[in-house]
Each structure stands twice: as structure tokens, then as C-alpha cells.
Amino acid sequence: MSLQKLSHTFTKIVFIALRTNLFHIVLLPFLLTLSSLKTFSQELPKKNISISTDKQEDKILISRKNTTRPQDSTKTDTVKKKKALLDGKIHYKSKEYAKINQKKKQITLHDEAEVYYKDIELKSGIIVIDYEKDEVYAGRLKDSSGTYIQYPVFKQGQNVVEPDSIRFNFKTKKALIWNSRTDQGEFKVKGEITKRENDSVYFIKNARFTTSKNIENPEYYFIARKIKLVPQKKVVTGLTNMVIADVPTPIGLPFAFFPMTEESTSGVIPPTFGQTNAQGYFLQNGGYYFALNKHYDLALLGDYYTNGSYAFRAETSYANIYKFRGNFNFRYENQITGERGLPGYGKTNLYNIQWTHSPDAKATPNSRFSASVNLGSSKYYQSSFNQLNTANFLNNTLSSSISYSKTFNSIPQVNMSLTASHSQNTNTGVINMTLPTLQASVDRIFPFAPKNGTKKGLIKNINFQYSLRGENRFETNDSLFFKSEMFKQAKNGLQHSIPLSTNFKVFKYFSVTASTNYLETWYLKTTEKKYNSLTNKVEDIEKSGFDAFRTYDFSSGVGTTIYGTFNISKDKKIQAIRHVMRPNVSYSYTPSFERYYDTYAADGSGRMETYTRFEKGIFGAPGKQNNNILSFALNNTFEAKVRDKDSTKVEPKKIMLLNNFNLSTGYNISADSLRWTPLRVSGGTNLLKDKMNVNFGMTLNPYAINNKGQMVDVFNINNGGSLFRMTSANMTINYSFSSKDFNGNKDGKENSLNNKGLRSGGRADDLFGTTTDFSDRQKSQFGKDEETKFDEFFNASLPWDLKLAYSLTYTNNNRENKISQSSLMFSGNVDISPRWKAGLSSGYDFVQNGVTYTQLRFERDLLSWRMDFNWNPIGDRASWYFFIGISSSVLSDIKWDKRSLPDRRL
């Protein structure tokens with residue numbers, strides 16, 4: 001029989017097999033054997049299965065497709081082509097074996113089996129592929145001890161499901177899943193039976209969802225009888241109950257809706273209910289969140305109290321990636337105390353504005369706009385109903401700054417900045433503001449320097465520059481802030497400065513500097529003094545109009561560095577002591593500018609006194625005295641070389657004994673008396689492996705005082721006293737250490753405090769306690785939350801940290817000889833157990849003989865929940881606060897808090 005006739009015979013057989021559905025069973029092996037024949041001139045459409053094996057990776061490839069050979073010119077195919085069942089390739093592999101069952105049309109993969117189809121990934125202990133039904137089945141394996149291992153992991157895109165077993169159809173994309181486990185945002189969802197309709201809809205029966213990290217044994221969960229889950233979009237549930245420690249609770253909902261989108265969505269913010277003795281029952285922090293777009297959002301919150309008090313807050317955050325980011329908060333409170341018509345009734349309006357803006361340095365390298373604003377009512381942080389800002393209560397300064405700077409890359413370079421600044425004392429209510437401050441400068445110019453090479457010598461180092469500073473300054477208080485009276489009291493001025501300087505060396509070791517500075521100051525307001533005979537007083541008359549004065553000065557200095565080493569012995573522990581001295585002698589000359597001074601009648605007797613019309617200017621006034629001041633300064637550092645404990649090291653170890661020890665004084669050559677200025681001595685060092693920081697200083701006056709406490713032109717030693725009279729002294733000691741310093745753990749990371757108080761003008765540490773913001777209770781008051789492992793429950797170590805700060809001030813200006821200030825502050829935190837934390841901040845004032853501001857704090861980590869208690873037991877700020885709630889931000893409204901606010905408010 002010829003090959004041509006053989007080909008036609010097999011074609012008929014294939015046609016009959018396809019119509020009787022016997023193709024896969026009878027002819028598959030035979031066709032694979034004859035697939036290499038090239039004499040087929042025509043084939044009918046059929047399911048073609050090709051199997052190839054990669055021996056190196058044990059990888060098998062299945063492809064299902066319809067292929068059509070070129071038709072024979074003598075015969076036309078009348079069989080209808082079948083549509084391809086799968087439009088992609090299925091890749092699979094396994095570790096132990098891949099078994100093909102032609103009879104059942106199945107492929108079984110065993111041990112670390114993997115299947116890939118388009119964007120679908122399936123990994124499991126055992127996988128069965130039914131290529132006739134286009135389905136795949138996956139399940140677990142048992143190890144030698146009978147424990148289930150290698151659970152299925154089904155992944156499509158970003159969605160991951162981890163069930164006990166799964167059945168999936170490649171054609172319909174439907175699946176049936178038993179005991180599925182999946183993460184949706186902060187939620188972990190486990191369902192008894194899950195039906196997957198398509199890649200975007202799941203139906204789950206008897207599902208439980210929680211934010212606990214342990215989905216198999218969570219400390220709490222919500223159980224829902226029926227759930228519709230659209231991944232990354234929403235969860236819709238039927239009857240839902242909350243279960244705590246496997247105990248059902250009456251907390252439940254007939255139905256619920258949870259948005260699960262990765263992007264922010266708008267929605268209602270439920271308020272917190274509570275009660276206080278002064279304001280009655282209240283609803284706090286309720287409102288609406290607007291997810292405007294991906295660049296910015298807005299939250300509007302409000303409070304209401306049954307005594308009539310209310311509050312309003314607007315909070316927004318914005319960001320434009322690679323350009324800038326920031327946030328803006330506005331808070332307003334209308335506070336009512338007492339009952340209307342009764343004694344003690346009061347009404348107060350408080351507000352606070354916070355704004356931060358920071359640009360990306362790479363976006364505009366030659367210009368920058370930034371803002372850090374914190375201003376408002378001086379008593380806001382002391383009196384707010386919605387927070388206890390203890391750190392700000394004891395640090396009483398609020399400050400703000402908004403600035404724009406621009407650099408012009410010319411030759412020479414020009415820099416310009418425009419700044420608005422604000423400083424506010426929350427105790428006195430005094431506000432100082434500059435609106436604005438203009439600064440401009442031209443880069444330093446060396447007119448005699450060579451274009452190439454170094455600048456050496458007196459002439460080559462001569463340089464000058466130009467700078468400009470203009471200010472519009474206001475000083476006011478809370479009641480007049482941004483009112484017309486505030487702007488009427490404005491002070492302004494403009495100052496030009498042209499410094500000329502040079503430096504050079506003499507005798508190789510001495511560095512000499514010399515400079516002169518020309519200042520020109522412009523004012524728009526001056527003051528004239530006149531005696532009023534009717535009121536018998538000297539009146540200051542403000543005059544508007546341009547006026548200016550010009551001053552100049554000269555200064556020079558010479559200094560050097562002297563090194564000295566005192567060698568002891570290489571056999572001793574301390575081998576040598578190194579002393580570095582930096583002496584400096586400087587001279588400054590400022591002439592008298594008497595031409596800017598006038599006289600006025602001080603009283604009706606005709607007694608005349610001098611004054612300058614510029615004395616109230618913001619840049620000061622020209623000096624009347626001729627000053628020739630010779631200044632002396634000596635800076636010292638002491639360092640020791642000690643033998644290293646490591647015997648393998650040859651070089652000794654350097655230890656700093658004194659970081660600095662400075663002495664400075666001066667002599668006024670032009671003065672008629674009291675020519676010597678007091679000697680100032682200061683120093684500082686670090687001890688105990690840099691854990692203790694010590695700084696000290698004192699002022700020594702060489703002149704004596706009379707019985708009235710006035711300094712006289714007589715040296716104290718000539719008046720029967722010592723060489724110097726110590727008029728003041730101060731010392732501060734800060735010591736910080738923790739359990740890590742004793743257990744050898746040097747790599748442990750310190751917890752950073754939740755410094756909301758720092759943004760409000762408070763301290764960076766917790767020596768004065770931590771800040772409690774009732775509107776945000778998701779963060780720990782002890783700093784960053786860290787995951788605690790189960791075996792740490794049985795660890796006997798108790799991590800702790802302690803901060804100590806001691807301050808001492810001595811005063812003896814008028815023979816009072818007393819300690820004016822002496823206090824010890826401390827703050828400590830301890831982990832009583834891996835999930836119990838306690839802290840204490842307090843101190844003692846040895847002058848007033850009383851305990852300083854005290855705060856006790858406790859916290860219990862309940863895994864997915866957190867419970868804390870904050871207590872200020874004594875003083876005018878005595879109060880307490882208790883909170884328990886879910887730590888996750890998704891369920892932050894599931895909480896209970898109770899508090900007692902301070903009875904007395906300043």
C-alpha cells in the first residue's frame with residue numbers, strides 16, 4: 001500500500017473516531033507515534049494534545065488548540081470546526097511525580113504541585129487536572145505524623161485564597177472552595193464553603209472575619225452566615241455577631257457593608273459617646289470623611305455637649321508625589337461652664353490652626369516653599385475638651401514659620417527669602433510676629449583672588465558681600481490678634497550690610513582675621529521726646545516718615561591651637577592624657593555716633609537729657625559710647641588614651657574627659673570705670689559610655705558691690721573678698737539608660753514616642769508625660785507597637801528604660817547667696833510582661849519642697865485590641881483616662897473610653 005493511500009485510510013478512521021468520541025481513548029497514542037510522518041496532506045479539525053517534558057525541571061506543558069492543515073485541492077472538509085476551549089497554555093510541575101491517566105483524562109501532580117494558567121497560580125500538596133472537563137482539583141497532604149501540610153494557595157492577580165481544598169474550572173472561571181482563608185486589606189476572612197462566581201465575586205457561607213493575625217484561633221472575630229465578597233471593593237454580609245474568645249456576644253447587626261477598596265472612600269465617622277461632670281453627656285469626633293481624590297482629602301468633625309458646648313474641626317492631608325506634601329488642621333471650641341444665670345457661668349471661644357507643608361527638594365532645586373504653623377488661642381491646649389496635652393501645658397511656647405526661598409544661579413550667586421514667623425507665650429498671651437521678613441544676599445566676592453589656584457595671603461583673601469534684611473514686626477496679645485489695633489502697632493525697618501574681611505597666617509602657626517562692617521538702617525517711624533508741662537511727664541511722640549542712620553565697626557583676632565600630651569606609662573591602664581588649647585585674642589572698635597542724638601527737657605527744672613530718635617527701632621539704635629574692647633577666650637579639651645580591654649588590639653582607645661572647658665572675658669579700653677567684663681566659665685562632658693551628659697557654667701565678677709547692691713569700681717579682692725565674686729552658676733545633668741545596657745543587646749531599636757505634643761510646642765521626650773488626643777487612640781502611648789512572639793510570654797526579662805534630668809541654679813547678684821532652682825525630673829517605662837507596660841513621669845522640686853507634675857500610664861496589649869489607662873493623680877491637672885478598643889483603623893469605632901477631666905482649668 002502506498003503512503004498516499006495509507007494517509008487517506010487513517011483520515012477516515014480519525015473522522016469516525018471523532019464522531020464516536022473515541023479519539024482520546026483509541027487513537028491518541030497511535031497519532032502521537034505517527035505525528036512525525038510528513039505525508040499527511042490533509043487533516044480534519046480536532047482536539048490536538050501535545051505533551052512535552054523538561055527533564056531538568058520536571059516540567060510538563062499541555063496545550064489545547066485547534067489546528068487546520070492546508071486543504072487538499074481535490075476534496076473539501078465538511079466537518080464544522082470546534083471552538084477552542086482554552087485560549088491559553090497550562091503549565092504545571094511537581095516535585096515527586098506527574099501521572100497521566102488517559103482513561104480518566106486526568107493528570108495527577110504530587111508533592112509541591114504547581115499549576116499556572118494566564119494570571120492564575122495554584123500551588124498545593126496534590127493537584128488533579130481533568131483536561132476533559134477543563135477542571136482542576138487541589139488538596140492537602142499528610143506528613144508522617146498525620147498533620148496536614150502543603151495547603152492549597154490560589155492566586156489570581158492580587159487576590160490570594162488559602163483553603164483546605166479547591167475545585168476550579170478553567171473555562172467558566174468558577175470555583176468551589178472549602179475553608180478558604182484570604183486577606184482583604186486589614187481583614188482576614190475564613191469561610192466554611194466559598195463559591196467563586198468569577199474573578200470578582202465570591203459567596204461565602206458561615207464566614208468569620210477579623211483583624212487578628214491568627215486566623216485559625218483569633219482572640220475575636222465577627223461571624224456572618226452569608227457573605228458576598230467583591231475583592232478590593234466591598235463586603236456585604238447578612239446577620240453578623242461579634243465573638244470574643246469563642247464566646248458569642250449580643251453585639252451584632254442584621255446586615256453590614258464594608259468598603260474594601262485600596263483607595264480611600266467617603267463615609268460617615270461615628271461619634272464617641274461619653275459623660276463629664278462639668279459638660280454633661282457628649283458626642284465627640286463624629287462627622288464625615290470626604291475622599292476627594294488621590295491628592296487630597298477632608299474630614300469634618302464635631303462635638304456636642306448637653307450643657308451647650310460644641311466644637312468643630314476640619315482636617316485635610318494633601319500630597320503630589322515628587323512635588324510636595326502637607327496637612328492642615330483647624331479646630332474651634334465654644335466652651336460653656338456653669339449654668340446660665342447662676343454664679344460661675346462662663347463662655348469661652350478657643351481655636352487652633354496647624355499647617356505643615358514640605359516640598360520635594362528634587363522638584364524645584366533652586367526654590368523652596370515650606371510651612372510649619374501652630375497658632376491660636378493661648379489656652380487652647382490647657383483647656384481643650386478633646387485632649388490632654390500635658391507636654392505643651394508645661395512648655396509654653398507656640399511657634400510658626402512660613403518661608404519661600406529662591407536662588408539665582410548668576411555670578412556671583414544671589415539668594416533671596418521671604419519669611420513670616422510667629423512666637424506665642426501661652427502663659428502671658430504675648431504674641432510676636434514678623435509679617436514678613438525679607439532677606440537677600442550676594443555671594444562672597446574675592447576681587448584680588450586668582451582665577452586658578454589657591455587663595456593665600458592678606459590681599460588674595462580680601463572679600464566682601466552684600467546682604468539685605470527687612471522686617472515688619474508686630475507685638476500684640478490674644479485679644480488683639482489680627483485686629484486693627486495690632487497693625488497700628490507695627491514696627492518696620494530695612495538694614496543693609498556690607499562686610500569686608502580677610503584672613504592670613506603669621507609666624508606659620510597663628511591665624512589672623514580682620515574685618516570691617518558697614519551698616520545702613522532705614523526706618524519709617526521714629527520717636528521724638530518732649531516734656532509736657534500740663535501733665536508734668538515726658539511724652540513719646542511717634543513720627544512717620546523715612547529716616548536712616550549709618551554705622552561701621554572694625555574687629556580683628558588672632559588665634560592658634562596648642563597640643564600637649566602627658567605620657568604616663570604604656571603598662572598603666574591610663575597611658576596618656578592629651579590636652580588641646582585654642583587661645584584667641586580679639587579686638588573690636590566701634591566709634592561714637594553722637595550726631596544721631598538729641599536732647600530733651602527731663603522735667604520742669606530745665607534738666608536736659610539725651611536720646612536718639614531711633615531708640616525704638618527693631619534693629620536697634622546707633623551707639624553713643626566709643627568702645628575699644630579687647631577680648632580673651634580659651635577653649636580646652638581633655639582626652640585620655642587607655643588600654644583597650646581587647647588584648648588583640650595594639651592601639652589604645654581614646655576616651656573624652658572634657659568635651660569643652662571654656663573661659664572668656666574682656667577689657668574695655670575706652671571705659672572710664674568697670675573696664676573688665678565678668679569672667680564666664682563653662683564646660684561639658686559625657687560620662688558612663690555617653691549615657692550621662694553634664695553641662696555647667698558660672699559667672700565670676702572681679703568687682704565688689706556696696707551696701708545697696710550696686711557694683712562699684714573696686715576689685716573684690718581689695719574690698720576684703722576673694723579674687724572673684726561668683727554671681728551665678730548653673731548645672732544640668734541628663735542620664736538615660738535601659739535594660740539593653742545590661743543584657744548586652746546593643747542592636748535593639750528604641751521605641752519612638754507618639755509625639756503629638758511635639759507638633760504642638762511640647763517636648764520630644766516624656767519627662768513631662770505624654771500627650772493624649774481623644775480623637776486618635778489607635779497609637780500606643782509608649783511609642784511604636786512591636787509584635788510579640790508567643791515564646792516571649794515565658795521570657796523572664798523585663799525590658800525597661802529610665803531618663804533622669806537634674807537642674808541646679810545658684811544666684812548671688814546681691815549677696816542673696818541662694819539656690820534659686822533645684823529640681824530632679826525622671827521618666828521611666830517598664831514591660832511588666834511582654835504585653836503589660838507601665839510608665840511614670842514625675843519629679844521633685846527641692847526649692848519649693850513639692851512633687852512636680854506627675855503622670856502614670858498603663859497599657860495592656862490584647863493582640864488585636866489595646867487597653868490603656870492614663871492618670872495624673874495630683875495638682876491642678878488631676879485627671880484620668882481609660883480606653884479599650886480594636887487596634888486596627890478599620891474597626892477603630894469599636895471602642896469604649898471613660899475619662900475624668902481636670903476640675904480646675906487655667
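All figures in this text were calculated on a predicted structure; none of them were measured in a lab. Values reported hereafter were calculated over all heavy atoms of this structure, with side chains retained and with hydrogens, waters and symmetry mates removed.
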Exercise for the section: Kindly check if the number of other-residue, nucleotide or ligand heavy atoms within 6.0 Å of CZ (R167) is above 12? Expected result: no
For R225 and N241, the nearest pair of non-hydrogen atoms, with its separation, is NH1-OD1, 3.2 Å
Q) Does R181 use its side chain to pair, donor to acceptor, with the backbone of E162 at less than 3.5 Å? A) yes
R208 and E216 have their tightest heavy-atom pair at NH2-O, 3.1 Å
In terms of heavy-atom contacts, A175 and F168 come closest through CB-CD1, 3.7 Å
So OG of S165 and CD1 of I126: to nearest 0.5 Å the spacing works out to 11.5 Å
Notebook entry, point to check: Any salt bridge between E132 and K104, counting N to O under 4.0 Å?
Noted result: no
Distance col, row R866:CZ vs S887:OG, nearest 0.5 angstrom, shows 5.5 Å
Residues T210 and P218: closest non-hydrogen pair is CG2-CB, 4.0 Å
Heavy atoms of H110 and S94 approach each other most closely as O-CB, 3.6 Å
Going by atom types only, do D143 and S145 share a side-chain donor-acceptor pair under 3.5 Å? yes
When rounded to the nearest 0.5 Å, the distance separating CZ of F255 from NZ of K226 is 15.5 Å
Say whether T194 and S180, considering side chains only, have a donor N or O and an acceptor N or O under 3.5 Å apart. yes
Salt-bridge criterion met for D119 and K155 (N-O under 4.0 Å) | no
Under 30°, 30 to 60°, or over 60°: which ring-plane class applies to F222 and F209, parallel, tilted or perpendicular? parallel
In terms of heavy-atom contacts, I177 and Y202 come closest through CD1-CE2, 4.4 Å
Is it true that, when you exclude Y148 itself, more than 12 heavy atoms of the residues, nucleotides or ligands shown sit nearer than 6.0 Å to its OH? no
Check your understanding: Looking only at side chains, do D111 and Q150 share a donor and an acceptor under 3.5 Å apart?
Key -> yes
In this structure, CH2 of W836 is separated from CE of M867 (nearest 0.5 Å) by 4.0 Å
Scan side-chain atoms only and decide if Y97 and T108 contain a donor-acceptor pair under the 3.5 Å cut-off. no
